> 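This is the structure I have questions about; it appears just below.
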Amino acid sequence: MHSEYPPHAHNTSVYPDLLLALDALLAGERDMIANRANCSALLFSQLPGLNWAGFYLWRSNELVLGPFQGKPACIRIAKGRGVCGHAAQSRSTLIVADVHAFADHIACDAASQSEIVVPLMTGDRLLGVLDLDSPFIGRFNTTDAKGLETVAAKLIAATDFHLNRED
Ligand code: SME
């Protein structure tokens with residue numbers, strides 16, 4: 001029996017403080033791997049109710065595992081496969097309240113019950129996705145989507161693309 005995320009846990013947004021901490025971590029650094037590594041550590045340590053937080057990078061027409069926190073995960077995901085591949089294909093944030101109800105979910109950690117995936121875009125170019133998993137059903141809501149989309153925008157703004165080619 002898997003538990004729902006406690007409703008009261010949604011009441012206080014941690015994103016204002018988290019976004020300030022992210023600004024401090026990104027200040028003066030333009031390396032996308034270093035920035036994504038610290039970002040995944042920040043998300044995993046500051047957002048309650050997670051069992052995985054990290055990035056898949058868009059490389060040679062597929063998603064490849066990038067910096068993350070949590071258990072080891074599947075390395076390559078084709079566009080259109082899994083929650084990550086669907087979000088990459090649609091280029092929009094995808095919240096899955098119950099991964100067992102999502103037919104194409106890829107189970108990397110049996111503990112995962114819900115998931116949110118935010119595409120990282122610059123213009124119309126896909127750079128990868130930010131992926132968070134929770135052991136609670138219904139962990140993610142529109143506050144998370146908005147907060148994590150801001151996280152993605154800050155990471156992209158902190159990247160020099162001529163120094164950090166991914167494709
Ligand atoms: N569940 C994802 C795979 C990646 S792991 O959650 C880290 C998916 O269905 O795409």
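Quick caveat: nothing in here was measured; it's all calculated off a predicted structure. Every number for a ligand or one of its atoms is a count from 1 in the order of the listing.
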> Tell me the residues surrounding ligand 1, counting only those with a heavy atom closer than 4.0 angstrom, sorted by chain and number.
W52, Y56, A73, I77, G82, V83, C84, H105, I106, C108, E115, D131, D133
> Using ring pair (Phe, Tyr, Trp, His ring centres under 6.0 Å) as the criterion, list what pairs up with F68, not counting sequence neighbours.
W52
> Is there a path of hydrophobic side-chain contacts, each under 4.5 Å between heavy atoms, that joins L132 and I156?
yes
> If hydrophobic clusters are built from ILVMFWY residues whose side chains come within less than 4.5 Å, do I137 and F140 share one?
no
> I'd like to check L63 versus K79 (side-chain heavy atoms, cut-off strictly below 4.5 Å). Are they in contact?
no
> When you check the gap from the basic side-chain N to the acidic O, do D133 and R139 get nearer than 4.0 Å?
no
> Is there side-chain contact between L94 and F102, with heavy atoms separated by less than 4.5 Å?
yes
